[in-house]
Amino acid sequence: QVQLVESGGGLVQPGGSLRLSCAASGSIFSIYAMGWYRQAPGKQRELVATITSSGSTNYADSMKGRFTISRDNAKNTVYLQMNSLKPEDTAVYYCYAIRVVVAGAFEEYDYWGQGTQVTVSS
């Protein structure tokens, strides 16, 4: 079974930085794309950033220039460097992996992590 485990969340002051990590474990053959969504209290889940196995990235407009997504394919790990954090960035950040192929299988599945809390406050 494939599991995604996030780490790196916490409390940070406005203007500060955090780096989130998400490691996918299991007998993984390939992952098409990994990324992050977030959900703030009382709001819908929104896309933060996505990165494909070839390195193509996509960001939500409000994160461009402040957040950077990267990926280590050998470790099946995705990172999110968040700079210039604002109080409105406070949310639970969820890691996801899409079109995951397990070794010895042909089907593709999507997986989600449990989420990590990011709080931006003075």
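Note: hydrogens, waters and symmetry copies are ignored here, and every other heavy atom, side chains too, is used.
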In Å and rounded to the nearest 0.5 Å, what is the [atom1] to [atom2] distance from [X] to [Y]?
| X | Y | atom1 | atom2 | answer |
| --- | --- | --- | --- | --- |
| M34 | N73 | CE | CG | 9.0 Å |
| S121 | D89 | OG | CG | 12.5 Å |
| Q1 | S27 | CD | OG | 10.5 Å |
| M63 | N58 | CE | CG | 11.0 Å |
| S25 | L4 | OG | CG | 7.5 Å |
| K86 | S62 | NZ | OG | 7.5 Å |

Q) Is the number of heavy atoms from other residues, nucleotides or ligands under 6.0 Å of Q114 CD greater than 12? A)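 No, not enclosed.
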Q: Decide if atom CD of Q3 counts as having more than 12 heavy atoms of other residues, nucleotides or ligands within a radius under 6.0 Å.
A: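 Open: at most 12 neighbouring heavy atoms sit under 6.0 Å from CD of Q3.
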May I ask you to test the [X]-[Y] pair for a side-chain heavy-atom distance under 4.5 Å?
| X | Y | result |
| --- | --- | --- |
| L11 | Q117 | no |
| V100 | F29 | no |
| R99 | S30 | no |
| V48 | L80 | yes |
| S17 | Q81 | yes |
| T50 | T57 | no |
| Y109 | V2 | no |
| M82 | Y93 | yes |

Under 3.5 Å, is there a donor-acceptor pair linking the side chains of [X] and [Y]?
| X | Y | answer |
| --- | --- | --- |
| T52 | S54 | yes |
| D72 | T77 | no |
| R45 | Y37 | no |

Tell me whether [Y] is reachable from [X] by hopping between hydrophobic residues (I, L, V, M, F, W, Y) whose side-chain heavy atoms are closer than 4.5 Å.
| X | Y | value |
| --- | --- | --- |
| Y111 | I28 | yes |
| Y94 | I51 | no |
| Y96 | I69 | no |
| V102 | V5 | no |

So, the side chain of [X] versus the backbone of [Y]: is there a donor-acceptor pair under 3.5 Å, distance only?
| X | Y | answer |
| --- | --- | --- |
| T90 | V120 | yes |
| E6 | C22 | no |
| R38 | V92 | no |
| N76 | A23 | no |

Q.
Using every non-hydrogen atom in the two residues, find where W36 and S21 come nearest and quote the distance to one decimal.
A.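 Of all heavy-atom pairs spanning W36 and S21, the closest is CH2-O, 3.6 Å.
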Q. Which heavy-atom pair separates A97 from I31 by the least distance, and what is that distance?
A.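 Residues A97 and I31, closest heavy atoms: CB-CG2, 3.9 Å.
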Q. After noting the C-alpha distance and the side-chain angles of Y32 and V101, does the key distance pass the side chain to side chain contact (heavy atoms under 4.5 Å, CB included) rule?
A. CA-CA 9 Å; Y32 172 69; V101 179; over 6 Å; no
Q) So K64 and D61, salt bridge (Lys or Arg N to Asp or Glu O under 4.0 Å) or not? Walk me through it. A) CA-CA 5 Å; K64 289 179 180 177; D61 288 342; 3.2 Å; yes
Q) Going through the distances and angles, do L18 and V118 end up as a side chain to side chain contact (heavy atoms under 4.5 Å, CB included)? A) CA-CA 9 Å; L18 278 177; V118 171; 3.8 Å; yes
Q. Quick one: does NZ or CZ of R19 land under 6.0 Å from the six-membered ring centre of Y79, within 45 degrees of the ring axis?
A.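 Relative to the ring axis of Y79, which defines the angle, R19 lies inside both limits.
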Q: Before giving the answer on side chain to side chain contact (heavy atoms under 4.5 Å, CB included), spell out for F67 and N83 the whole-Å C-alpha distance, their side-chain angles and the decisive distance to 0.1 Å.
A: CA-CA 6 Å; F67 292 7; N83 298 328; over 6 Å; no
